[in-house]
Amino acid sequence: MDPLKNWAGNLAYSTGDVRYPESLDEIVDIVRSSRKIKSLGSQHSFSAIADSAHRQISMKKINSVIELDEQRNTITVGAGIRYGDFCEFLDARGYALHNLASLPHISVAGACATATHGSGRKNGSLSTAIRAVEIVKANGDVVTIDALDPSFPAVTVALGALGVISKVTLEVLPNFQMTQVVYRNMPVDELMENFEAVMSGGYSVSLFTDWQDGKVSEVWIKEANEQDNTTAPSEYYGAILAEKNLHPIEDHSPENCTEQMGKLGTWYERLPHFKMGFTPSSGEELQSEYFVAFEHGAEAMAAIEKMREAIFPHLYISEVRSIAADNYWMSPFYEKDCVAIHFTWKPHWPEVQKLLPGIESALAPFDVLPHWGKLNSIEPSILQSRIKRLADFKELMSDYDPEGKFMNKYLKQKLF
Ligand SMILES: Cc1cc2nc3c(=O)[nH]c(=O)nc-3n(C[C@H](O)[C@H](O)[C@H](O)COP(=O)(O)OP(=O)(O)OC[C@H]3O[C@@H](n4cnc5c(N)ncnc54)[C@H](O)[C@@H]3O)c2cc1C
């Protein structure tokens with residue numbers, strides 16, 4: 001079989017040997033009988049984190065809702081289910097998740113493995129909803145790890161390095177309704193002076209910018225609400241309320257975006273920027289994303305703005321979000337609230353590849369960390385020096401996987 005490609009098509013995986021188990025027994029058999037193997041979610045990572053030169057185990061068919069536990073307020077799902085496939089189920093029964101990424105198309109285990117996040121000063125990454133995972137270790141043993149287990153802070157953002165996650169139990173909240181409004185053209189000076197207030201201006205706030213003309217082109221504010229938001233002020237820190245739905249990339253059609261204009265809708269139709277049945281983002285693109293401690297967010301943006309002339313020809317759009325701290329060892333948000341500075345690049349890899357080191361040097365004073373699922377070129381020794389719990393994670397890797405069955409080139413390069 002020809003190797004699969006990732007969603008963006010920038011990466012053809014290095015093996016055509018892909019297994020598609022349909023049950024826990026099949027996962028165990030495949031893991032036991034493989035010398036080396038790598039879990040595959042919905043293939044949305046831009047980096048080679050899910051690649052294998054040997055064999056992949058796609059979790060596409062491990063995709064059912066297993067149990068909604070209304071006593072414990074949890075839902076247990078098959079690891080390969082996509083968020084968009086069970087949000088409606090949850091909502092219909094009165095429940096919600098605390099947050100979603102910009103798109104609902106990604107698998108639960110794949111998203112959590114890379115600390116995928118949405119936005120919100122009080123919202124942790126999607127992994128922070130995890131209450132337990134069932135994981136198949138290298139020797140085929142199946143263990144369930146919950147919050148009381150010492151390895152919980154490692155399995156919650158595990159980079160696919162500890163085993164094949166077969167089930168995930170997530171915390172659910174009472175469902176809620178939301179509205180979304182968009183403001184246009186916030187002057188950067190206003191943002192810099194009021195960074196904390198702007199980023200705290202809603203349940204989830206995203207800034208979109210192409211770094212041009214001293215302005216942030218769009219500010220998306222998602223609020224928990226009980227009715228249409230008809231009273232949003234016409235101006236927000238110098239930005240003007242939009243009069244129609246917008247795509248984050250201004251000249252793209254908003255057809256694939258979630259409803260804006262203050263119209264009330266359920267949580268899963270407002271938290272992501274993109275609708276389930278539509279292509280998210282641009283499609284033909286590359287992505288990079290960097291995280292700095294929240295208190296350095298404005299300064300970090302100013303450092304990137306200085307590079308705008310070099311960046312602009314290759315950029316569709318940048319997005320700036322905030323993520324609350326967690327205590328997961330491999331999470332970029334380990335013990336610190338963060339600001340995320342994201343780049344949706346045009347598919348100009350040779351040029352983008354040349355730009356990344358400059359961006360990373362500009363953000364180095366803030367001990368920048370990258371998104372595990374996106375493109376970066378941070379020198380591994382520097383990256384490693386910034387991950388406080390790396391030694392603990394590696395120790396657990398050798399316990400769960402002594403022979404390196406789940407190791408791939410990406411993990412070897414980045415972590416060793
Ligand atoms: C258009 C687009 C928009 C995006 N928006 C956001 C965003 O808003 N926020 C954000 O943070 N990221 C975003 N991303 C990045 C994306 O969320 C991450 O790359 C995520 O990891 C993709 O999940 P996946 O299911 O496709 O996993 P894959 O890319 O298939 O795999 C990612 C990792 O998960 C591991 N893995 C997968 N399944 C399992 C399993 N069952 N057991 C153990 N390990 C497993 C793999 O081995 C690999 O290490 C976006 C990506 C795209 C393409």
Side-chain angles (χ1 to χ4, degrees), residues 39 41-42 44-45 47 49-50 59 73-84 86-87 90 96-135 143-173 204 268 271-272 289 291 321-340 342 369-374 387-390 392-393 396-397 400 406 411 415:
S39 305
S42 57
H44 280 79
S45 292
S47 69
I49 192 166
M59 299 303 281
N73 291 323
T74 58
I75 184 164
T76 299
V77 291
I81 197 170
R82 300 174 304 170
Y83 283 93
F86 68 102
C87 286
L90 269 184
L97 297 173
H98 80 293
N99 210 356
L100 291 168
S102 69
L103 76 176
H105 308 61
I106 45 179
S107 81
V108 170
C112 291
T114 65
T116 290
H117 61 90
S119 192
R121 284 295 276 128
K122 295 190 179 141
N123 293 324
S125 79
L126 303 192
S127 301
T128 61
I130 297 180
R131 291 295 162 263
V133 301
E134 180 184 87
I135 184 164
V143 289
T144 297
I145 308 293
D146 64 17
L148 299 174
D149 191 292
S151 48
F152 186 76
V155 297
T156 35
V157 178
L159 317 180
L162 299 178
V164 180
I165 292 173
S166 39
K167 263 193 225 171
V168 185
T169 300
L170 301 171
E171 181 181 43
V172 295
L173 312 171
S204 162
Y268 71 86
L271 283 173
E289 190 168 36
F291 305 107
R321 289 178 275 186
S322 61
I323 305 99
D326 58 42
N327 64 354
Y328 301 157
W329 297 347
M330 298 307 282
S331 163
F333 323 115
Y334 180 72
E335 293 189 340
K336 58 176 191 283
D337 290 353
C338 281
V339 166
H342 161 92
L369 285 170
H371 192 304
W372 292 111
K374 302 185 185 181
I387 304 172
K388 288 192 183 141
R389 301 301 295 271
L390 181 60
D392 296 310
F393 187 74
L396 206 68
M397 279 172 81
Y400 272 59
F406 303 116
L411 290 178
L415 306 186

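Computed from a predicted structure; not experimentally measured.
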Problem set entry | Side-chain donor-acceptor pair present, Asp326, Ser331, cut-off under 3.5 Å | yes

For this session: For Asp337 and Ala325, indicate whether the former's side chain and the latter's backbone hold a donor-acceptor pair under 3.5 Å.
Result: yes

For this session: Could you please spell out the steps behind the side chain to side chain contact (heavy atoms under 4.5 Å, CB included) verdict for Phe86 and Val108?
Result: CA-CA 10 Å; Phe86 68 102; Val108 170; 3.6 Å; yes

Exercise. What do the steps show when you test Glu335 against Arg389 for salt bridge (charged side-chain N to carboxylate O under 4.0 Å, His left out), and what is the final call?
Worked result: CA-CA 11 Å; Glu335 293 189 340; Arg389 301 301 295 271; 5.6 Å; no

Problem set entry | Euclidean distance, Thr169 OG1 relative to Asp146 CG, rounded to 0.5 Å | 9.5 Å

Exercise. With a 4.5 Å limit on heavy-atom distance, are the side chains of Leu390 and Met330 in contact?
Worked result: yes

For this session: Search all heavy atoms of Leu100 against all heavy atoms of Leu97 and return the closest pair with its distance.
Result: CD2-CD1, 4.0 Å

Problem set entry | For the student: nearest non-hydrogen atoms of Ala79 and Ile165, plus distance | CB-O, 3.0 Å

Seminar exercise, completed: dist Thr144:OG1 -> Lys167:NZ (nearest 0.5 Å) comes out at 6.5 Å

Exercise. Is a side-chain donor-acceptor pair under 3.5 Å present for Ser151 with Tyr400?
Worked result: yes

For this session: Mark yes or no for whether Ser127, through its side chain, and Thr156, through its backbone, hold a donor-acceptor pair below 3.5 Å.
Result: yes

Seminar exercise, completed: d(His105 NE2, Arg82 CZ) to nearest 0.5 Å is 7.0 Å

For this session: Can you see which heavy atom on Phe291 is nearest to which on Pro332, and at what distance?
Result: CD1-CB, 3.4 Å

Problem set entry | Nearest non-hydrogen partners of Ala111 and Ile106, listed with the distance | CB-CD1, 3.8 Å

Exercise. Below 4.5 Å, heavy atoms only, C-beta onward: do Leu126 and Tyr83 meet side chain to side chain?
Worked result: yes

Exercise. If we only count heavy atoms from C-beta on, is the Pro272 to Ser102 side-chain gap below 4.5 Å?
Worked result: no

Exercise. Is there side-chain contact between Asn123 and Ile323, with at least one heavy-atom pair below 4.5 Å?
Worked result: no

Problem set entry | Non-hydrogen side-chain atoms of Val157 and Phe393 separated by less than 4.5 Å | no

Problem set entry | Sub-4.5 Å side-chain heavy-atom contact between His44 and Thr116 | no

Exercise. Is the side chain of Ser119 donor-acceptor paired with the backbone N or O of Ser322 at a distance under 3.5 Å, no angle test?
Worked result: yes

For this session: Could you tell me the separation between the OG1 atom of Thr128 and the CG atom of Leu170, rounded to the nearest 0.5 Å?
Result: 10.0 Å

Seminar exercise, completed: Tightest non-hydrogen contact, residues Gly110 and Ser107, listed as N-OG, 3.0 Å

Problem set entry | Thr114 side chain vs Trp372 backbone, donor-acceptor pair below 3.5 Å | no

Exercise. Using 30° and 60° as the class limits, which term best fits the ring planes of His117 and Phe333: parallel, tilted or perpendicular?
Worked result: perpendicular

For this session: Could you tell me whether a side-chain N or O of His98 sits under 3.5 Å from a main-chain N or O of Ala129, the two making a donor and an acceptor?
Result: no

Problem set entry | Note, Leu271 side chain near Cys87 side chain (heavy atom, < 4.5 Å) | no

Exercise. Are any of the side-chain heavy atoms of Leu90 and Tyr268 separated by less than 4.5 Å?
Worked result: no

Exercise. When rounded to the nearest 0.5 angstrom, what distance separates CD1 in Ile81 from CD1 in Ile75?
Worked result: 7.0 Å

Problem set entry | Residue that, paired with Val155, satisfies side chain to side chain contact (heavy atoms under 4.5 Å, CB included) out of Asp149, Ile130, Val168, Val133 | Val133

For this session: Mind telling me whether Tyr328 and Phe152 have parallel, tilted or perpendicular rings, with 30° and 60° as the class edges?
Result: perpendicular

For this session: Could you tell me the separation between the CG atom of Leu162 and the OG atom of Ser39, rounded to the nearest 0.5 Å?
Result: 10.5 Å

